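Here is the structure we will look at, set down as structure tokens.
FYI, the numbering just counts along the sequence from 1. Just so we're clear, the structure is a prediction, and the values are computed from it rather than from any experiment.
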Amino acid sequence: MSTELPELAPNLATVDRRAVTTGTDTSGAVPVEYRFRAAEGDVRHLIVVFSGLGAPNGYHFAGKSLDGLRANVLWIRDDFDGHYSYYMCRSMNFDIEASVLALIENTMRQLGLGRDQVSLLGVSKGGSATLYFGLKYGFRNIVTVVPQFLVGSYVRDRPETGRYMLGPDMPQMHVDMLDGAIPELLKAYGGQGHNIYLFTSEADEQYETEINPHLQLFWGCENFNFIRTNSQLVRQHGEVAGYNQPLILGVLSALSDGAAPRLGFVENGDTRIDLVERQRHLAELRASDVLTAVLTNQEIRGHNLLLSGQAFIPGESPHGEFSSVKSLVIEGGGRHWEFPLATTEAKYTYRVHFDRFARDYADGGFEPEAETGIPMKGIPGGIYNLSVRVASPAEGIDRRTKLVARRPFDIRRPLGGVEVVLVGDEKRVRLVRRPIIGHFSPETAFSLEKSWLNDRTLHVEGVFFVHGIEAATHGHAHYYLVLRGAQGTHSYRLGKSRKPLAVRPHVRRGDFGAYEFAYFATSGYKGVALKNAAPGDYEVFISMSTGGSLFSASAGGITLS
């Protein structure tokens, strides 16, 4: 063995073989955007996912919902010229369809798979695509959720998509052609040779026009599976997929392993309701000392809090519906402030807050009474807990509970001489107001690498971290530029960059922490406009807010004319 060390080779143990990759396939006439995740182990199967209307970032089932599946997954985005196309056409030119098919076939070729090793999955618009591509091009497994069969009529009633697909005038001849695209394929082949799983519900407002009239077309399919949901928790088109997700994943998992389930005709869900028991349970819940208060949207804008969510008295009074009054309470340091809240519509409460029996709290939402939000002026520095008070005067109910958040969040903003922090999770929501100039720690590593003042635009950039508090990610801290003078204090948000070469000289010997993101700068390195700062002399500070701490370092001084 040579005494000279070889160069370091890539370590395959560090490679995430199942990481989702994003790309654009240009093998066809139209570029097609997609995402792809490789299979786990020796599973030789491909799941192709077509998106429905309003899919997040253009992809359905693209979060964690398919993480448990071991197959390869190809997500295809239906975004062409900024429009939906049902993966079919634009102005009745079907080059989109051909390009999408080319992407699927290229992927199959790279994986060495045949059409019997492919499962198509889609919801609504995507469900239509699964039927169309599956039946027309012989993909064996079709998992379709609340599809539209009469595509032409459906898009004609949505003119933006209709004009794109059918042509500017949306002629009836084109409508008829797309209306017949899926039904004619079923009439010709009856789904023979396919494993088809159709998920639907009579609660879907499209059921009578799109699903029911076309069921007889599947009678020629030996393995046609019809899953109809009848549940208190499914009341509309968009709720069928979410309710059936475990069953959908089970079907896809079996298909991925080469096993085609035979479910037949299944009605799932439970609508058997004992009305007497329902009234008793909801009346007891109403009388119990409980309240529901969940924050769903939050922001800090200037001196105001923008908070909205759901807050209501659970249960149901046996004597009818009664209006309620809501308020936000900010409490801390032995003092409290109370702000009235406006009542708003709350959607899907019967599903999100289900408790034995579905109850729709249609007026269960809240938001600030004023569009500008809830004012924080007059609230001194301190740490405050947020709670919500809901009263129903007609019932003699007046309750208060701590506010919690649906998802954890951490919002920090500079506001003159104060930093405002709003943090929340499933246990509590807190408001913090503290001086924008914080602790001067001997553990601080600080270097002002560059600064300039041009008229009333000030630029700063440099290194700032505290030994022992790692800066290994972009979100490790918030940085502020602070000007303090006799005329007042002004503060501004700063950006941050990954600059390990600039940071490394400031890491002391023996500290093996990661600090490569500890480089601050004004946004775009363009400086901050000091419009509201009065003329005079100012001390300049850089502050770093991280965790529960706020650190500061002196950055000299400036004079504004």
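Taking every heavy atom of both residues into account, Val294 and Arg406 meet most closely at CG1-N, 3.8 Å. Contact between Asp116 and His45 at its shortest, heavy atoms only, is O-CE1, 4.5 Å. The two residues Tyr243 and Gly269 come nearest to each other via the heavy atoms OH-CA, 3.2 Å. Counting all heavy atoms, side chain and backbone alike, Leu285 lies closest to Gly315 at CD2-N, 3.6 Å. Of all heavy-atom pairs between Thr107 and Leu103, the closest is OG1-O, 2.8 Å. For the residue pair Ala71 and Ser256, the shortest heavy atom distance occurs at CB-OG, 3.4 Å.
Counting only N and O atoms by type, the side chains of Tyr348 and Glu239 include no donor and acceptor under 3.5 Å apart. Side-chain contact check for Asn230 and Asn268: no donor-acceptor pair (N or O, by modelled atom type) lies under 3.5 Å. Between the side chains of Thr349 and Asp360, at least one donor N or O sits under 3.5 Å from an acceptor N or O. Judged by distance alone, the side chains of Gln148 and Tyr86 do bring a donor and an acceptor atom under 3.5 Å apart. With 3.5 Å as the limit, one finds a donor-acceptor pair spanning the side chains of His353 and Gln310. A donor-acceptor contact closer than 3.5 angstrom is absent between the side chains of Asp363 and Thr343. Side-chain contact check for Arg228 and Tyr207: at least one donor-acceptor pair (N or O, by modelled atom type) lies under 3.5 Å. Under the 3.5 Å distance criterion, with hydrogens and angles disregarded, no donor-acceptor pair is assigned to the side chains of Arg351 and Gln232. Side-chain contact, Ser27 with Asn106: a donor N or O sits under 3.5 Å from an acceptor N or O. For Tyr137 and Glu97, the side-chain atoms include at least one donor-acceptor pair closer than 3.5 Å.
Shown here is Arg140, whose CZ atom has no more than 12 heavy atoms of other residues, nucleotides or ligands within 6.0 Å. Within 6.0 Å of CZ in Arg158 there are more than 12 heavy atoms belonging to other residues, nucleotides or ligands. Counting non-hydrogen atoms of neighbouring residues, nucleotides and ligands closer than 6.0 angstrom, the CD atom of Glu222 reaches no more than 12 such neighbours. At most 12 heavy atoms of other shown residues, nucleotides or ligands fall within 6.0 angstrom of atom CZ in Arg70. At most 12 heavy atoms of other shown residues, nucleotides or ligands fall within 6.0 angstrom of atom OH in Tyr189. Applying the 6.0 Å contact sphere to CZ of Arg286 captures more than 12 heavy atoms from other residues, nucleotides or ligands.
Rounding to the nearest 0.5 Å gives a distance of 12.5 Å between CD of Glu184 and NZ of Lys136. Summarising the geometry, atom CG belonging to Leu307 is positioned 6.5 Å from atom CG belonging to Leu386; distances are rounded to the nearest 0.5 Å. Taking NZ of Lys187 as the start and CD of Gln216 as the end, the distance is 8.5 Å to the nearest 0.5 Å. Within the model, atoms CD1 of Ile96 and OG of Ser85 stand 4.0 Å from one another, a figure rounded to the nearest 0.5 Å.
A side-chain hydrogen bond (donor to acceptor under 3.5 Å, both in side chains) with Tyr154 is found for one member of Gln206, Lys125, Glu210 and no other, namely Gln206. Just one of Leu74, Val20, Asn72 meets the side chain to side chain contact (heavy atoms under 4.5 Å, CB included) condition when paired with Arg37; it is Val20. Checked against Phe199 for a side chain to side chain contact (heavy atoms under 4.5 Å, CB included), the options Val143, Asn225, Val146, Thr229 give a single hit: Val143.
Taking the six-membered ring where tryptophan is involved, the planes of His214 and Phe149 are essentially parallel, since the angle between them stays under 30° and well short of 60°. By the 30° and 60° cut-offs, the orientation of the rings of Phe224 relative to Phe218 is parallel.
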Point to revise | Test ring-ring contact (aromatic ring centres under 6.0 Å, His included) applied to Tyr84 and Tyr164, step by step | key: CA-CA 8 Å; Tyr84 297 124; Tyr164 182 74; 9.8 Å; no
Practice item. Before giving the answer on salt bridge (charged side-chain N to carboxylate O under 4.0 Å, His left out), spell out for Arg280 and Glu316 the whole-Å C-alpha distance, their side-chain angles and the decisive distance to 0.1 Å. Key: CA-CA 9 Å; Arg280 184 199 64 77; Glu316 185 174 274; over 6 Å; no
Exercise for review: Apply the test salt bridge (charged side-chain N to carboxylate O under 4.0 Å, His left out) to residues Arg407 and Glu426: give CA-CA distance (whole Å), side-chain angles for both, the deciding distance (0.1 Å), then the verdict.
Suggested key: CA-CA 7 Å; Arg407 300 178 184 87; Glu426 68 280 358; over 6 Å; no
Practice item. Would you sort out whether Phe517 and His476 count as a ring-ring contact (aromatic ring centres under 6.0 Å, His included), showing the intermediate values? Key: CA-CA 8 Å; Phe517 280 93; His476 75 281; 7.1 Å; no
**Study point:** Criterion side-chain hydrogen bond (donor to acceptor under 3.5 Å, both in side chains) on Ser51 and Asp78, from CA distance to verdict
**Key:** CA-CA 7 Å; Ser51 72; Asp78 184 19; 5.4 Å; no
Exercise for review: List the steps and the verdict of side chain to side chain contact (heavy atoms under 4.5 Å, CB included) for Gln279 and Leu275.
Suggested key: CA-CA 6 Å; Gln279 184 181 48; Leu275 295 180; over 6 Å; no
Point to revise | Working for side chain to side chain contact (heavy atoms under 4.5 Å, CB included), residues Leu178 and Met88 | key: CA-CA 9 Å; Leu178 291 192; Met88 295 172 71; 3.7 Å; yes
Review point. What's the verdict on salt bridge (charged side-chain N to carboxylate O under 4.0 Å, His left out) for Arg301 and Glu371, showing C-alpha distance, side-chain angles and the deciding distance?
Key: CA-CA 11 Å; Arg301 187 174 298 165; Glu371 290 186 5; over 6 Å; no
Exercise for review: Show the numbers, then the answer: is there a side chain to side chain contact (heavy atoms under 4.5 Å, CB included) between Ser119 and Leu255?
Suggested key: CA-CA 7 Å; Ser119 295; Leu255 293 172; 3.6 Å; yes
Practice item. List the steps and the verdict of salt bridge (charged side-chain N to carboxylate O under 4.0 Å, His left out) for Arg412 and Asp410. Key: CA-CA 7 Å; Arg412 305 181 185 216; Asp410 185 334; 2.9 Å; yes
Check your understanding: Under the side chain to side chain contact (heavy atoms under 4.5 Å, CB included) criterion, do Tyr87 and Ile76 qualify, and how do the steps go?
Key -> CA-CA 9 Å; Tyr87 301 90; Ile76 306 178; 3.6 Å; yes
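In summary, Glu277 and Arg356 engage in a salt bridge, as defined by a charged side-chain N under 4.0 Å from a carboxylate O. Look at Glu299 and Arg413 and you find a salt bridge, because one of the NZ, NE, NH1 or NH2 atoms lies within 4.0 Å of a carboxylate O, short of that distance. Here Asp425 does not pair with Lys427 in a salt bridge; the nearest charged N to carboxylate O distance is not below 4.0 Å.
Looking at Asn11, its side chain does come within 3.5 Å of a backbone N or O of Ala13 through a donor-acceptor pair. Judged by distance alone, with hydrogens and angles left aside, the side-chain atoms of Thr296 form a donor-acceptor pair with the main-chain N or O of Ser308 at under 3.5 Å. The closest donor-acceptor contact from the side chain of Asn93 to the backbone of Asp95 lies under 3.5 Å. The backbone N or O of His83 lies less than 3.5 Å from no partner atom in the side chain of Asp81, so there is not a single donor-acceptor pair.
The cationic group of Arg235 lies under 6.0 Å from the six-membered ring centre of Tyr350 and within 45° of the ring axis, placing it in a cation-pi geometry.
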